[in-house]
Amino acid sequence: MTVIATVAPLPSNPLHRNRDAPINFLNVAKNLLQNSHLQAEGLHARLLKAGFLSFTSICNTLVHRYSDSGQISHARQVFDEIPQRNHVSWTSLISGNSRLGNSEDALETFLRMLDHGFHPNQFAFGSVLRSCSVSGYLEFGEQLHGLIMKMGFFCNVFVNSGLISTYSRNGRFDTALEILERMEKDVFSWTVMIIGFSNGRKPFEAITTFARMLKEGMMASEFALTSFFKACAYMEGLREGSQAHCYAIKTGLEDVMSVRASLIDFYVKSGDIHNARLIYDRSSPYDVVMCTAMIGAYAHNGNTKQAIEMLHEMIREFDISPNEFTFASLISSAAENGDVGLGTILHAFALKAGYSAITHVEGALIDMYAKGGNIEDAFTVFNNMETKDNVSCSSLLSGLSSNGYDQEALEFFSDLHNSSVKPDPFAVASAMTSCAKLSDQLVGKQIHSQIIKSGLESDTCIASSMIDMYAKSGTIEDAQSVFENLSAKDRIAWTAIIDGYAQHGQGRKALELFGEMIEAGINPNEVTFVSVLNACSHSQLIEEGIWLFGLMKSEYRIEPLIEHYACVVDLLGRAGRLEEGLEFINAMPMQPTTLIWRLFLGACRNHNNLNLGIQASKFLLELDPEDDAAYVLLANIYAFNDQWGNALETRNIMKLRNVRKVPGLSWVLVQNSYHVFGAGDTCHPQKELIYKKLYEVMSNVKKAGYVPVTEFALHDVNESEKERLLVHHSEKLAVAFGLIGSVEGSPIRVFKNLRICGDCHAAIKLISLVYRRTIIVRDVSRFHHFSEGACSCGEYW
DNA sequence: ATAGGGTTAG
């Protein structure tokens with residue numbers, strides 16, 4: 001509703017041209033507003049001078065102009081001085097705030113408008129919904145939804161699109177889709193849904209929706225296409241993306257720069273850097289966006305060198321300056337390579353160019369420093385951030401974890417709840433991984449309950465981290481139930497559960513699941529094969545393992561990595577096929593690493609092969625003279641063979657080189673806290689009770705047939721002293737305390753930082769029989785489930 | 001339009 005008013009012209013009115021013709025001054029003023037090249041301030045001054053600010057519609061347009069140029073406080077001032085505000089005035093201010101990202105002000109203005117008795121129209125709803133969408137005010141959005149239904153806007157395409165955006169951006173895809181299904185659909189509403197799916201990491205749904213849109217005879221816009229390519233990039237959908245590329249060429253949309261930039265991104269992420277480069281080469285003259293897209297392509301394709309070369313070319317030859325996107329890309333590339341040197345240079349460059357305080361750049365810097373092991377500098381960047389966001393927090397979380405500060409990571413995570421940054425799925429998954437690494441099921445369960453409350457159970461990343469946490473902390477049943485409840489099981493979830501069973505020594509079950517995974521059409525990757533091969537080696541499935549090792553290359557075209565060779569060495573080594581293992585090592589297409597020799601040496605120790613053990617330790621110490629396992633295992637082999645002189649000499653060399661043995665420690669979970677023990681430990685406040693229990697236990701198992709395996713007391717002392725040393729091993733102390741502190745019949749969970757000792761293994765089997773308890777010991781390489789006098793490992797470890 | 005983070009193994 002436009003107010004048409006004719007007023008007497010002011011004598012000095014510069015707009016006044018013809019006294020005779022009736023002039024619609026308002027239209028003239030509006031024309032001026034729309035076509036003028038004047039800044040908003042200039043216009044404001046002229047309109048004020050000409051006396052036009054008493055007209056509501058003129059003021060409304062001025063509000064619009066001010067907010068368009070980002071001067072929201074001026075817009076607000078004009079709005080405040082409008083003598084007679086109408087609903088357009090309110091809507092202009094709401095949409096201004098919304099477009100400038102002042103979501104809270106937009107919401108607040110909307111509420112004030114209602115208080116003043118104005119009914120929102122489709123534009124007011126559209127604007128305020130956009131704010132709800134981007135700022136996560138889902139609950140407010142739901143209330144608006146109610147109001148919209150009540151006011152009869154449920155058929156309005158514009159308003160419905162806003163609702164779809166609000167719901168899909170905040171994880172409520174089902175509701176968003178329901179609205180779309182019910183409404184009269186136009187290109188815009190389809191596109192909003194596609195964008196929602198694409199940004200919400202639901203690529204399949206995005207692609208299906210796109211196909212449906214075309215089927216209904218709509219033409220895709222450049223916005224629908226860019227989102228489509230984003231979805232294809234995420235799922236490496238080379239086929240779907242290429243088809244849409246043809247569509248883009250046919251419709252001429254390929255000429256649109258935004259489409260090209262997203263095409264480059266899609267081809268790169270699908271592994272086709274060649275096509276990406278072709279599109280780039282046809283895009284001259286270049287701008288910063290195109291160059292950055294291509295730099296990002298190289299940066300995330302492991303080709304940092306080429307990315308840096310392009311940066312030079314862009315600056316020197318095209319005279320284009322990098323922007324914050326360019327820096328973020330390059331710094332994250334340095335992060336992927338753990339190249340703190342390059343990262344630091346880029347940091348300095350970004351600082352000089354004035355981009356180092358941009359949130360994305362800071363996020364990349366934190367990740368770069370943390371991944372490179374420089375957690376202090378990561379913290380410096382983090383602490384200097386003006387506004388810390390989700391990404392910087394989760395970068396820091398995963399950085400703490402990868403540097404071994406898992407306890408600190410969990411404290412940081414818990415502090416987040418009292419801060420303005422709410423943990424998102426990335427942060428939650430990271431924290432869960434810290435729990436997994438610490439085998440801390442107590443904190444893991446607490447976070448699990450938060451996950452249930454926030455409805456994030458079906459997030460595949462979170463679910464995978466939970467499967468891992470439950471498996472690593474000893475309850476494979478819980479891992480299984482998380483896995484079963486997951487509707488969309490991806491490769492990582494399958495791999496996590498397979499690995500869980502592998503660690504628990506249930507190799508057959510792991511292979512069964514591997515078969516189901518293949519049947520479900522999920523392709524294994526190199527990680528899956530590490531887990532599958534581990535499952536074989538822990539469960540004496542030697543021929544199966546060797547067969548799978550071959551299958552990896554022949555069927556799945558995965559070139560075995562050193563990790564896979566290590567699995568086979570372990571497989572043969574555990575089986576005692578040491579000669580064969582050594583042949584296998586010598587036939588490897590790459591140089592054996594410390595990992596390979598350490599595994600082989602461990603096998604020599606287990607199967608008591610002195611000669612091969614000496615050889616293996618020689619190779620291992622050549623590669624790493626500080627490898628404590630090399631000395632300890634060799635000394636143990638000597639000791640086991642009664643070569644006490646050599647054993648002593650090995651230990652002396654170790655001492656001389658200042659290499660320290662990692663002390664063996666065992667933890668036991670008693671009444672919701674972890675209690676730690678070393679060998680012969682007397683630090684526990686209940687030590688008298690614990691030792692009394694320990695001696696009682698040992699005397700009872702002796703009656704049941706336990707004979708101390710004194711070969712495992714690797715010191716040159718007499719038999720009774722050896723027995724005394726064995727009794728005080730940390731895992732026995734932990735089990736004794738577990739028996740005191742837990743409810744009769746409940747399982748006892750022990751964790752050890754080294755491999756379980758053979759004598760303790762024998763003793764705990766009988767403890768499980770005599771005391772009718774399930775005892776679960778997780779050592780450094782796997783789980784042992786003791787029950788009824790037997791262990792799940794079947795003596796095969 | 002181009003940008004920063006998370007999940008499985010070792």
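Predicted model only: the values in this text are computed from it and were never measured. Sequence lines set the chain letters: A, B, ... in the order given, protein chains first and strands last, and positions in each chain run from 1.
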Checklist entry - Counting any heavy atom closer than 4.0 Å, what does A/Ser262 reach on the DNA or RNA strands: base, sugar-phosphate only, or nothing? => result nothing
Next on the checklist: Using a 4.0 Å cut-off on heavy atoms, which residues in residues 351-368 of chain A reach DNA chain B? List them by number, or say none.
Outcome noted: A/Thr359, A/His360, A/Gly363, A/Ala364, A/Asp367
Checklist entry - Should the pair A/Arg282-A/Glu254 be classified as a salt bridge under the 4.0 Å nitrogen-to-oxygen rule? => result yes
Next on the checklist: Can you confirm whether the side chains of A/Asp265 and A/Ser262 place a donor and an acceptor under 3.5 Å from each other?
Outcome noted: no
Checklist entry - Can you tell which of A/Gln480, A/His448, A/Lys445 makes a side chain to side chain donor-acceptor pair (under 3.5 Å) with A/Tyr470? => result A/His448
Next on the checklist: Within the 4.0 Å heavy-atom criterion, would you say A/Arg598 contacts the bases, only the backbone, or no part of the nucleic acid?
Outcome noted: nothing
Checklist entry - When we call it a touch if two heavy atoms are under 4.0 Å apart, what does A/Asn390 touch: a base, just sugar-phosphate, or nothing? => result base
Item to check | Test: A/Arg598 and A/Asp627 ion pair at under 4.0 Å | outcome: yes
Item to check | Sugar-phosphate, base or nothing in reach of A/Lys230, heavy atoms under 4.0 Å | outcome: nothing
Checklist entry - Within the structure shown, what part of the strands sits under 4.0 Å from A/Leu595 by heavy-atom distance: base, sugar-phosphate, or nothing? => result sugar-phosphate
Item to check | Test side chain to side chain contact (heavy atoms under 4.5 Å, CB included) applied to A/Met385 - qualifying residues, sequence neighbours left out | outcome: A/Thr359, A/Glu362, A/Ile366, A/Phe382, A/Lys388, A/Asp389, A/Ser392
Tabulate below the donor-acceptor pairs under 3.5 Å that side-chain atoms of residues 419-437 of chain A make, not counting sequence neighbours, or state none.
{"from": "A/Ser419", "atom 1": "OG", "to": "A/Leu416", "atom 2": "O", "distance (Å)": "2.8"}
{"from": "A/Ser419", "atom 1": "OG", "to": "A/Val421", "atom 2": "N", "distance (Å)": "3.1"}
{"from": "A/Ser419", "atom 1": "OG", "to": "A/Val421", "atom 2": "O", "distance (Å)": "3.3"}
{"from": "A/Lys422", "atom 1": "NZ", "to": "A/Ser419", "atom 2": "O", "distance (Å)": "2.7"}
{"from": "A/Asp424", "atom 1": "OD1", "to": "A/Phe426", "atom 2": "N", "distance (Å)": "3.3"}
{"from": "A/Asp424", "atom 1": "OD1", "to": "A/Ala427", "atom 2": "N", "distance (Å)": "3.1"}
{"from": "A/Thr433", "atom 1": "OG1", "to": "A/Ala429", "atom 2": "O", "distance (Å)": "2.9"}
{"from": "A/Ser434", "atom 1": "OG", "to": "A/Asp406", "atom 2": "OD1", "distance (Å)": "2.9"}
{"from": "A/Lys437", "atom 1": "NZ", "to": "A/Ser401", "atom 2": "O", "distance (Å)": "2.5"}
{"from": "A/Lys437", "atom 1": "NZ", "to": "A/Ser401", "atom 2": "OG", "distance (Å)": "3.3"}
{"from": "A/Lys437", "atom 1": "NZ", "to": "A/Asp406", "atom 2": "OD2", "distance (Å)": "3.4"}

Checklist entry - A/Glu544: what forms a salt bridge (charged side-chain N to carboxylate O under 4.0 Å, His left out) with it, not counting sequence neighbours? => result A/Arg508
Next on the checklist: Heavy atoms within less than 4.0 Å of DNA chain B: which residues of residues 319-331 of chain A have one? Give them sorted by number.
Outcome noted: A/Asn323, A/Glu324, A/Phe325, A/Ala328, A/Ser329
Item to check | Of residues 469-488 of chain A, the positions that come close to DNA chain B - non-hydrogen atoms, cut-off under 4.0 Å | outcome: A/Lys472
Item to check | Those residues that, when tested against A/Asp440, pass salt bridge (charged side-chain N to carboxylate O under 4.0 Å, His left out) (two or more places apart) | outcome: none
Next on the checklist: If the condition is salt bridge (charged side-chain N to carboxylate O under 4.0 Å, His left out), which residues does A/Lys202 pass it with, not counting sequence neighbours?
Outcome noted: none
Item to check | Residue pairs involving residues 475-491 of chain A (criterion salt bridge (charged side-chain N to carboxylate O under 4.0 Å, His left out); sequence neighbours excluded) | outcome: none
Next on the checklist: Under 4.0 Å, counting only non-hydrogen atoms across every strand here, what does A/Ser531 touch: a base, just sugar-phosphate, or nothing?
Outcome noted: sugar-phosphate
Next on the checklist: With a 6.0 Å cut-off (strictly less than), is the heavy-atom count around OH of A/Tyr556, excluding the residue itself, greater than 12?
Outcome noted: yes
Next on the checklist: Once you apply a heavy-atom cut-off of 4.0 Å, does A/Asp265 come out as touching a base, just sugar-phosphate, or nothing?
Outcome noted: sugar-phosphate
Return a table of donor-acceptor pairs under 3.5 angstrom between the side chains of residues 530-537 of chain A and protein atoms on other chains or two or more places apart.
{"from": "A/Ser531", "atom 1": "OG", "to": "A/Asp499", "atom 2": "OD1", "distance (Å)": "3.1"}
{"from": "A/Ser537", "atom 1": "OG", "to": "A/Asn534", "atom 2": "O", "distance (Å)": "3.4"}
{"from": "A/Ser537", "atom 1": "OG", "to": "A/Asp570", "atom 2": "OD2", "distance (Å)": "3.0"}

Checklist entry - Just checking A/His300: base, sugar-phosphate only, or nothing, at a heavy-atom cut-off of under 4.0 Å? => result sugar-phosphate
Item to check | Results of salt bridge (charged side-chain N to carboxylate O under 4.0 Å, His left out) for A/Asp377 - residues two or more places apart only | outcome: none
Checklist outcome for this item: Counted 5' to 3', the first and last nucleotides of DNA chain B within 4.0 Å (strictly under) of a heavy-atom of chain A are B/dA1 to B/dG10
